[in-house]
Amino acid sequence: MRDDIDKVLIDRKTIAHRVRQIAERIVADLPDERELILVPILTGSLIFVADLIRHLPLYLRIRLLSVSSYPGSATRSRGSIVRDELTSLPGSLAGGHVLLVDDILDSGGTLKLARNLLLERGPASLHTCVLLRKPRDAALHVPADYVCFDIPDEFVVGYGLDYNDYYRNLPDIVTLRREAIDARG
Ligand code: IMP
Ligand code: MG
């Protein structure tokens, strides 16, 4: 699997340092009650969220939201759909401070859909946090309160991000060699 890597864009040490920094900002920005409902968008944000929450010394609960936007081996978003069977949002979020977390803000479709689903449930506040953001016009119009890294418009995998569901377990954020994309597609 490691032979499939073209280049390392962000290494694990840089990721760890930045995740800790963002966690500190999230805590500093929270109102005094220090309670948070964290909503990870599955599956890409799994690894990020697992690291992030261990730097959040808060009364924190997790509700899952599963959105599919790259069915299979596409490397461009084809629109987003909610997968109900893997989603555990409560009917109401009234009074709750919610933090929505995703792996990457690309076209923005996923985050927009997810934000609307949460806003319908009436949270006291809603903030969004993404690991990566690509420099696409559409992406820059979707509000993201916390962005770990702005990256070039390249297809990346690792640290939770996948190609056709592979490579999530790579510890660094990397680009793939053409042959790997062809072989795993
Ligand atoms: P958007 O809806 O176009 O913003 O796409 C967001 C979703 O597309 C993310 O949650 C990822 O699952 C996926 N995605 C976008 N860019 C990449 C990438 O470079 N590598 C892997 N997945 C990506
Ligand atoms: Mg994905």
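In listed order, ligands and their atoms are each counted from 1. Keep in mind that what you see is a predicted model, and the values were worked out from it rather than measured.
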Report the C-alpha distance between T87 and S66 in whole Å, list the side-chain angles of each, state the deciding distance to 0.1 Å, and finish with yes or no for side chain to side chain donor-acceptor pair (under 3.5 Å). CA-CA 5 Å; T87 295; S66 176; 5.1 Å; no

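- Counted by atom type alone, T14 and D11 present one or more donor-acceptor pairs between their side chains at under 3.5 Å.
- Within the 4.0 Å heavy-atom shell around ligand 1 one finds G108.
- Using a 4.0 Å cut-off between heavy atoms, L161 contacts ligand 1 through its side chain alone, with no backbone atom that close.
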Evaluate the criterion side-chain contact (heavy atoms from CB on, under 4.5 Å) for residue pair L113 and V67; output intermediate values, then yes/no. CA-CA 9 Å; L113 177 82; V67 178; 4.0 Å; yes

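- Proximity of L111 to ligand 1 is not established, as no heavy-atom distance is less than 4.0 Å.
- At under 3.5 Å, a nitrogen or oxygen of V156, whether backbone or side chain, sits near a nitrogen or oxygen of ligand 1.
- Atoms of ligand 1 lying under 4.0 Å from any heavy atom of E154, numbered from 1 in the order shown and given with element: 19 (O).
- Close N/O approach between R136 and ligand 1 is not found [any backbone or side-chain N/O within under 3.5 Å].
- Taking all heavy atoms of L42, D153, I41, D103 into account, the minimum distance to atom 12 (O) of ligand 1 is reached by D103.
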Going through the distances and angles, do Y159 and D103 end up as a side chain to side chain donor-acceptor pair (under 3.5 Å)? CA-CA 9 Å; Y159 198 69; D103 53 357; over 6 Å; no

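- At a heavy-atom cutoff of 4.0 Å, ligand 1 is contacted by both the backbone and the side chain of T110.
- When K134, R133, R136 are each tested for a salt bridge (Lys or Arg N to Asp or Glu O under 4.0 Å) with D150, only one passes: R133.
- Ring geometry, F155 versus Y163: the interplanar angle exceeds 60°, so the pair is classed perpendicular (tilted spans 30 to 60°).
- The line from OG1 of T43 to CG of L86 is 7.0 Å long, rounded to the nearest 0.5 Å.
- Note on ligand 1: K112 sits outside its first shell, no heavy atom being nearer than 4.0 Å.
- Each of I151, L176, V174 was scored for a side chain to side chain contact (heavy atoms under 4.5 Å, CB included) with V156, with one residue passing: I151.
- Looking at D102 against ligand 1, only its side chain comes within 4.0 Å, counting heavy atoms.
- Under the 4.0 angstrom criterion for non-hydrogen atoms, V157 is not in contact with ligand 1.
- Close approach of ligand 1 to K134 (heavy-atom distance below 4.0 Å) involves ligand atoms 16 (N), 17 (C), 18 (C), 19 (O).
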